[in-house]
Amino acid sequence: MTTLVETETLDLAARFPGSAAADTRPGYSDWIVNKDKLVEVATTLRDEFGYDLLSHVTGVDYFPDKMEVVYEAFKTTGGPGVLFKVQVPRVDPIEVPSVTPIWPGAEFQEREIWDLYGIKFTNHPDLRRILMWEGFEGHPLRKDWHEPFYEEDFKPLKSRWPDGKYVSSEDKNPYKDNLQFPQNFDPEKVKIDGEAPLYDTLQKYTTVDGGIKTDHIIVNMGPQHPSTHGVFRAAVVLDGETIVSLKPVMGYLHRNHEKIGERNTFLQNMPYTDRLDYFNSMSNNWGYSLAVEKLMNIKVAERAEYLRVIMAELSRIQNHLILIGMLLNDLGAYFTPALYAFEERELILDIFEATSGTRMMCNYHRFGGVSRDLPEGVLEKIRGLVEDRLPRKADEFDRLLTENEIFISRMKGVKVMDAEDAVKYSITGPVLRAAGVPYDVRRAQPYGIYDRFDFDVALRHNGDLYDNYLIRLDEIRQSIRILQQAVKQMPEGPINSQKPQYQVRVPAGEAYGRIEAPKGELGYYVISTGKPNPWRYHVRAPSFINITALEKMCVGKKIADFVVILGVLDIVLGELDR
Amino acid sequence: MDLALWIEFIIKGFILIFAVLTGFAYLTLYERRALARIQTRIGPNRAGPQGFFQPVADAVKLIFKEELTPAKADKVLFVLAPIMTVVPAMILAAVIPLGTQFTLPFLNRPVTLYVSDINVGVLYLTAIASIAVYGIVLAGWSSNNKYAMLGGLRSSAQMISYELSLGLCFVIAILLGNSMSLLDIVEAQKSVWFVVIQPVGALIFMVTTLAEVNRAPFDMPEAEQELAAGYHSEYSGMKFALFFMAEYEKMIVISMIAATLFFGGFREFWFLQGTVFSVDHFWWLGPIYLLLKVVVLLFLMIWVRATWPRIRYDRLMAFGWKVLLPLSLALVFITALGILLANQFGAIYIWTIPVLSILAGLIAVLLVNMSLRRKVAHA
């Protein structure tokens, strides 16, 4: 297990005397920065110290006295990151300068913080709600905001446990239905036009050319649209077939995962993480267990480490298989590639089922290990897959698709991102590596036992759609390499270093656990106060952050390209909307 | 005109429409089963043996489905559009010869196996085929929906661009057959099919027909992933079924046309000439041979749909105007030249046509390949 090494050369307190100080709270690390100096500190970090990749921005509500905004930046060359925080009094209006001009990748995350915490970011280009709808009352992640049917802050709820009484939430609501109104609320009088602010941000045009007036056309792709991979919506301004301006709209699947996570006990969160990126529950579990294990400061059982690697890499392979299959579907090939891809994916899901009990919502990890060992014969199946079927599948896709003329003419030369912009926009995962930045958390800051395996970070340089496709094939091949080694080396032994327990004791402090999920850097920022429930549980969802650059990627391209770009970005709405 | 002729027309028309409609129903089943085989699935096999009654079940479902009309749609055109699309698809089949003729027993009346053999048959085909685009454009426009509108616009642009090359392929067949009557063209292929003389022309014909009937990889107007469903986004129930019907009927009819123009129509395979399997021997073999050819051509369309992604719209237009049009112009020239040479210096010179046209085709492929490479190098 890796722990955050104290940054040896970086001393912000010395560099900014009086406006940056070490965070001395027990269990916390790194720096607290004065709000007025934030932009200056951030610029210095990026330009002088080389922390070019802003990993995540999030808010924490230290009820009742202060709010905190947490930033973490990493170097794309690898190594530990730098965590710095801004603390502001918890009195509205809460204002913090925006870092979007420095790291454009912060744009949506700051909008999210505004939405969920009510922290205003001055100098932000487009500060609107993002996950909740316009006209929503309050900021739901604040500790003093209570949802309908609110009972108490932490689970297990007294009404349910230990007596197990059945209480219907509807009976407790004065309105007898699933509604709760603000005071003096009159549904007749309220008129909210949630769409107007959205359409206002779109860049429109009207030209008169030789007496012919040309006008823009706004098309909404989604929320119900065959190629948005879920209830995602993009408002697009079109000039003929060319995209002039685009704004993603999300939150249709929002369930305030993080608020649920703060209500739950630590262990109860594990199955919830499955539902984020529902294709890759195995890797979702890992990020979370990594963060909590860091807090608990425990070691993971040796065999469990191998099981985690095997499951995560299998998960990556099946994720990329779906991606390639559905990408071809987005290109208009009628389901044949998708079904070919699903063939091997089913076999991988069979292994998940045999091991964890379910095919998709695996709930496999436990703090210190995993929940079950491999049943008899499954290791042989995995060996058969990684030695025989999966390499053949990768070759088959290579043979069928890579040289197809139509495929090439659609994919090659349609540039998604260049390396510089990709880093600026905090893009991680295959999309970043396809642009030519060899940044892979498995190598940049190895977690688990990835430092023991021999594999390459897949890298492509053009950053076009074609490279984004090829890199998936490369990654499948690298994952197969890792799997082949892992299957050979896996030792016998216990699968958990801890005793099985329903309630874990987590010391107070903060921890950020990050893994290289198939879609990018998946991180969990967890704050414990020593109680059975996390005080803060934040998910750094790669889908959500990668989508920040969607407009940048799409402008000037054709509407048919938009579909494909969305396809290679590999978003999953469960994770995007949380 | 005598009454008997009218009755004959009407009966033959009914039979033809019935045949095309049944063909449409079973083409959907054929396509679904074939797609399923290619995709390593089974496909519909529950309704009746091997899913034989699946089309019936589909029809029942579509008929009883609620039909919605968008509030702000242009009601008249909204209803008219599917009809305008489906009617041309059906009446196209009128001039296609299904066989030679036979004598009706008892009445002793010769009956031809086509509704009519008009002397400008090929012209009739191009004229009627172009009408269908109106239905699609009007459907897109009258739905008052942006996806539908974009789909309709794409469709009109695409069909117009590809119709030029399609027309030139017709010209090739006319030149080779030395007639505009489809019956004459078929008879001219008695000994050698035009696909042998003009293989590249036949290939272009098949490519452009894919565009003409909006099939993959040219299914721009209804590009599901981009435009939800394109021009028929707002249609439901039977009106939607009419669009569907039009597409599949056009597939059948255009395969019949392709078979007629380049694959010997209802004629037997050339090596069966003079045997007992010749159409001249048994008149009823004509429709069977045509059906066989149509089934094979339809399978090609299904195969293409199952395997290839869609071409991007701008590339599609570029391909139509910059590759197919010049190439088919060249082919017309080559064909005319070959026929001239054959007339002047002897029949053997007809074989300059396939040699030159394959050469032209290869040059075109090479140029396309080079431009693709260049694009890649720039990227």
Side-chain angles (χ1 to χ4, degrees), chain A residues 217-222 224-229 236 238 240-242 325-343 346 400-401 403-416 461-467 557-564 566-567, chain B residues 31-32 34-43 145-151 153-154 157 215-220 222-230 233 301-319 323 365 368-369 371-379:
Chain A
I217 173 172
I218 297 177
V219 177
N220 274 299
M221 307 282 282
Q224 277 115 29
H225 191 280
S227 67
T228 50
H229 301 245
V236 189
L238 290 181
E241 295 252 335
T242 313
M326 295 320 275
L327 180 68
L328 264 288
N329 224 31
D330 286 344
L331 284 169
Y334 188 77
F335 283 105
T336 311
L339 284 160
Y340 273 53
F342 272 41
E343 229 179 337
E346 288 300 310
L400 289 177
L401 303 175
E403 292 296 319
N404 183 308
E405 271 82 7
I406 298 180
F407 187 68
I408 292 177
S409 80
R410 287 285 308 258
M411 306 288 280
K412 240 178 186 168
V414 182
K415 190 142 188 145
V416 180
H461 296 280
N462 293 324
D464 58 358
L465 290 173
Y466 193 58
D467 277 6
K557 311 267 186 347
K558 301 276 181 262
I559 190 142
D561 292 332
F562 162 73
V563 174
V564 191
L566 206 61
Chain B
E31 170 163 47
R32 288 168 71 179
L35 275 179
R37 293 305 299 170
I38 293 170
Q39 296 172 349
T40 62
R41 298 184 284 124
I42 298 170
N145 173 317
K146 284 168 185 165
Y147 296 129
M149 168 93 161
L150 280 171
L153 286 176
R154 278 178 166 198
R215 289 284 299 182
F218 304 109
D219 49 347
M220 288 305 128
E222 46 199 288
E224 185 187 56
Q225 283 76 14
E226 294 145 38
L227 299 173
S233 295
M301 287 190 181
I302 294 166
W303 193 5
V304 165
R305 183 182 180 203
T307 43
W308 280 349
R310 188 181 300 122
I311 300 180
R312 208 174 72 189
Y313 184 63
D314 54 327
R315 302 262 159 77
L316 170 97
M317 297 300 278
F319 184 63
V323 181
V365 169
V368 170
N369 206 11
S371 98
L372 265 183
R373 287 276 147 74
R374 198 162 55 228
K375 193 164 72 66
V376 172
H378 276 295

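Naming convention: chains lettered A, B, ... in sequence-line order (proteins, then strands); numbering from 1 in each chain.
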### Message
Using modelled atom types and a 3.5 Å cut-off, is there a donor and acceptor pairing between side-chain atoms of B/Tyr147 and backbone atoms of A/Asn220?
### Response
yes
### Query
What pairs with B/Thr307 under side-chain hydrogen bond (donor to acceptor under 3.5 Å, both in side chains), at least two apart in sequence or on another chain?
none
### Where B/Arg310 and A/Arg410 come nearest, the two heavy atoms and their spacing
O-NH1, 2.8 Å
### Message
Just verifying a value: how many Å separate B/Arg41 CZ and A/Phe342 CZ, rounded to the nearest 0.5 Å?
### Response
12.5 Å
### Task
Using non-hydrogen atoms and a 4.5 Å limit, figure out which bit of B/Leu35 sits close to chain A: side chain, backbone, both or neither.
side chain
### Message
Please identify, among A/Ile218, A/Thr336, A/Leu339, A/Asn404, the residue contributing the most non-hydrogen atom pairs under 4.5 Å to chain B.
### Response
A/Thr336
### Among the listed options A/Ile406, A/Leu328, A/Ile217, the residue most often paired with chain B at heavy-atom distances under 4.5 Å
A/Ile406
### Message
Does B/Met149, at its CE atom, have more than 12 non-hydrogen atoms belonging to other residues, nucleotides or ligands within less than 6.0 Å?
### Response
no
### A/Tyr340: partners by ring-ring contact (aromatic ring centres under 6.0 Å, His included), with sequence neighbours left out
none
